[in-house]
Peer 1: 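Please see the structure below; I have some questions.
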2 protein chains.
Amino acid sequence: MRLTNMFGNIYYICVLIYNMPTQAKENYLKAIYLLSRESIDVSITELSKKMNVSKPTSNNMVKKMEERGWLLYEKYKPIKLTSKGEKLGALIVRKHRLTEMFLSKVMGFGWEEVHDIAEEVEHISSIIFFDRMDKILGFPTLDPHGSPIPDREGEVLKVNYLKLGSIKEGQKVKLRGLENSSKDLLLYLNKKRIKLGTVLLIRHIETFDNSFEVLLEDNATIVLTFDVCQSLLVEEV
Amino acid sequence: MRLTNMFGNIYYICVLIYNMPTQAKENYLKAIYLLSRESIDVSITELSKKMNVSKPTSNNMVKKMEERGWLLYEKYKPIKLTSKGEKLGALIVRKHRLTEMFLSKVMGFGWEEVHDIAEEVEHISSIIFFDRMDKILGFPTLDPHGSPIPDREGEVLKVNYLKLGSIKEGQKVKLRGLENSSKDLLLYLNKKRIKLGTVLLIRHIETFDNSFEVLLEDNATIVLTFDVCQSLLVEEV
DNA sequence: CATATTTGTTAGTCTCATCTAACTTATTAT
DNA sequence: ATAATAAGTTAGATGAGACTAACAAATATG
C-alpha cells in the first residue's frame, strides 16, 4: 500500500509490515505449534493434511517460513520451530484461547460455539484488544476447554492431566480438559450434562468393548465409549 | 481450498465463498458507501485517494465490483451503488459501529481508541458474534461518536444535527455527533472535557477568525476554531 | 533385495490485489 | 479555441497463496 503525506512524499507500508506474519502464515505457524506440542512429528504431508492444502503449497510455505527464521526444515525430517517461531505460534494460540474465554465468560457463548469465532478473531493485530480481554477476565490461565493460555511471553503452564481411559474402576475424578475439542464431542457432553469440573465416579469398565459406566453427582449413570474416555482429561479427587 | 472427507471425496470451498466479498472488497464497498452518504460524488480518483491505492487499482476493483452487481459505473460519472451494494456496505458499517460501541461500553476503551480496532473486527464473518454484541448492548442505534448504526437490513436512522459552526451567538446546544472522528480531534475534545451530551453555550463569535467562545456547564470558557466547530454536530436545547 | 508406497520437489498455472509507465479522453482556464 | 490539467484506461509486472501433473527420493513390504 502507498501513502502520500501533505507534502506529496510517498511512503510504502510494505516496508513496515515486511516481517509481520500474514493471516495464512499465522495459521501454518499455529498448526505447526499445536502439532509439536502434541509431540507429533510435523512433516510436509502432515502439515498439508492439517491445513487442507496440497503438498506443494505447504512445501512452499515452509520454505518461506524458514527464510523468515521461524523454523528449520530438512527434507524428510520433521519441521522444527525456532524459538522465534515457537513464540509467534504461542502468541497466536494465546489470542485464540483468550478470545474463546472472552466469548464464553463475557459474551455468554457455549463452549461448542467459541472455536469458530476465535479462529477469525485470533488474527486481529491490535495488542491492546487482547490485553483488555485478559484484564477483564482476570488473567485466566485456562480456556473454556481446559487448554492452557500461553502468557505474553508465549510461556505455557504445564498441566498434567490423565486420560479418563487410563483410570481404574472405582476411582473418582474431575473433568479438567479435553484432548480434542471437536464440536460433536462438545455437543455430546452438553447432552450428557458433563462440563469442566464435573465429578465422575467410574462404576464399571466393560471388558468386552472397554466402555465406561460412570456415575455423575446427580446420581445419573451414563455409559461412555473408550474413544470418548480417551478425549476426556481428568484429575483424581 | 480443498477438503477431503473420510471416504476420500473432495470438496472445493471456493464454490461456496464465491460471492462473498474479500476483506479488500469490503473496504472499497465501505468507502463508497460512506462517501455516498456524505453526498460526495465517488469517482475513480476519489476512491483511489480514500483507499490509498493507485488509480488503476481502484479502476480495476470498481469493474470487478460492477460484475458482482454491487455498483454501476460509467466513465467520468460518479459510482452508484446498487441496492445490493448499498446493503452490503451498510452491513459492514453496522459491524464497524457495533464493534466500536462494544469496545467502548463493554470493554472500556475511549472513543479515540475504538476506530482502529473496529477496522479489523468489522471483517469477521460470524453473524452470531455481532448479533450477540448487539443484544448485550441493548440494540443501540448510535455509535460512540454519535454516528447511526445501520440495522440488520442495512437501514439507517435519519439524524438531523447541525454543525456548531452554523449556530448563532447566545444559543445553547448539546453535542450529538461528529462530522469527522479523527483521533486528533477526539484527543483534543478529551483535553477540553467535551463528550457526547456535553452542553455548550455560545458566548461570543469572533468576527475576525470566526472562532467560538463557548461556556461549558462547569463554567469553564473555551475557545474553539471555526474548523473544530464545523466538526461538531449539535442539537439545540 | 527388488518393488511398491509414501513423501517431497519441480515446473507451470491461476486469481487477487497491488504497482508503474504510458496513453487517451474530458474538463477547465486562458 | 486551444492548451493545460485532471480523470480514466491499457498493458505489463509483481508477490502471495493456492492448484495440478509429473517426477525424484526415501521408506516399507513381500
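Convention: sequence-line order gives letters A, B, ...; per-chain numbering from 1. Every heavy atom of this structure was used, including side-chain atoms; hydrogens, water molecules and symmetry mates were not.
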Peer 1: Atom OH of Y73(B) to atom P of dA7(D): distance rounded to whole Å?
Peer 2: 11 Å

Peer 1: Please confirm whether R94(B) makes a cation-pi placement over F130(B), using NZ or CZ under 6.0 Å from the six-membered ring centre and within 45° of the ring normal.
Peer 2: no

Peer 1: To the nearest angstrom, how far is I44(B) atom CD1 from dT25(C) atom P?
Peer 2: 17 Å

Peer 1: Can a side chain N or O of S54(A) be found less than 4.0 Å away from OP1 or OP2 on dA18(D)?
Peer 2: no

Peer 1: Testing the basics here: between W111(A) and L178(A), what is the closest heavy-atom pair and its distance to 0.1 Å?
Peer 2: CZ3-CD1, 4.0 Å

Peer 1: Of all the nucleotides listed (dT7(C), dT18(C), dA17(C)), which has the minimum atom distance to the side chain of V53(B)?
Peer 2: dT18(C)

Peer 1: Rounded to whole angstroms, how far apart are CE on M65(A) and P on dA16(D)?
Peer 2: 14 Å

Peer 1: Which atom pair, heavy atoms only, marks the closest approach of L185(B) to S231(B)?
Peer 2: CD2-CB, 3.8 Å

Peer 1: Using heavy atoms and a sub-4.0 Å distance, could you list which residues of residues 24-33 of chain A are near DNA chain D? By number, please.
Peer 2: A24(A), K25(A), Y28(A)

Peer 1: Could you check how far NZ of K64(B) sits from P of dC14(C), rounded to whole Å?
Peer 2: 15 Å

Peer 1: Separation of K77(B) atom NZ from dT25(C) atom P, in whole Å?
Peer 2: 17 Å

Peer 1: Do E120(B) and S125(A) have a side chain donor and acceptor closer than 3.5 Å?
Peer 2: yes

Peer 1: Look at D134(B) together with R152(B) and state whether they make a salt bridge at an N to O cut-off of under 4.0 Å.
Peer 2: no

Peer 1: Under 4.0 angstrom, heavy atoms only, what part of the nucleic acid is N60(A) near: base, sugar-phosphate, or nothing?
Peer 2: nothing

Peer 1: Hey, does the side chain of E26(A) reach the backbone of I92(A) with a donor-acceptor pair shorter than 3.5 angstrom?
Peer 2: no

Peer 1: Please check if the number of heavy atoms outside I127(B) that lie under 6.0 Å from its CD1 is greater than 12.
Peer 2: no

Peer 1: Expressed in angstrom and rounded to an integer, what is the separation of K55(B) atom NZ from dA7(D) atom C1'?
Peer 2: 5 Å

Peer 1: Between dT10(C) and K63(A), is there an OP1 or OP2 to side-chain N/O distance shorter than 4.0 Å?
Peer 2: yes

Peer 1: Starting at CD of E74(B) and ending at C1' of dA26(C), how long is that distance when rounded to a whole Å?
Peer 2: 15 Å

Peer 1: Indicate whether OP1 or OP2 belonging to dC19(D) is found under 4.0 Å from a side-chain N or O atom of T57(A).
Peer 2: yes

Peer 1: What's the CD-C1' distance between E67(A) and dA16(D), to the nearest Å?
Peer 2: 13 Å

Peer 1: Which nucleotide in the list dT20(D), dG8(D), dG8(C) gets nearest to the side chain of Y76(A)?
Peer 2: dG8(C)

Peer 1: Compare side-chain N and O positions of T45(B) against OP1 and OP2 of dA6(D) and report whether any pair is under 4.0 Å apart.
Peer 2: no

Peer 1: Could you check K75(A) against M61(A) and say which one's nearest nucleotide on DNA chain D is further toward the 5' end?
Peer 2: M61(A)

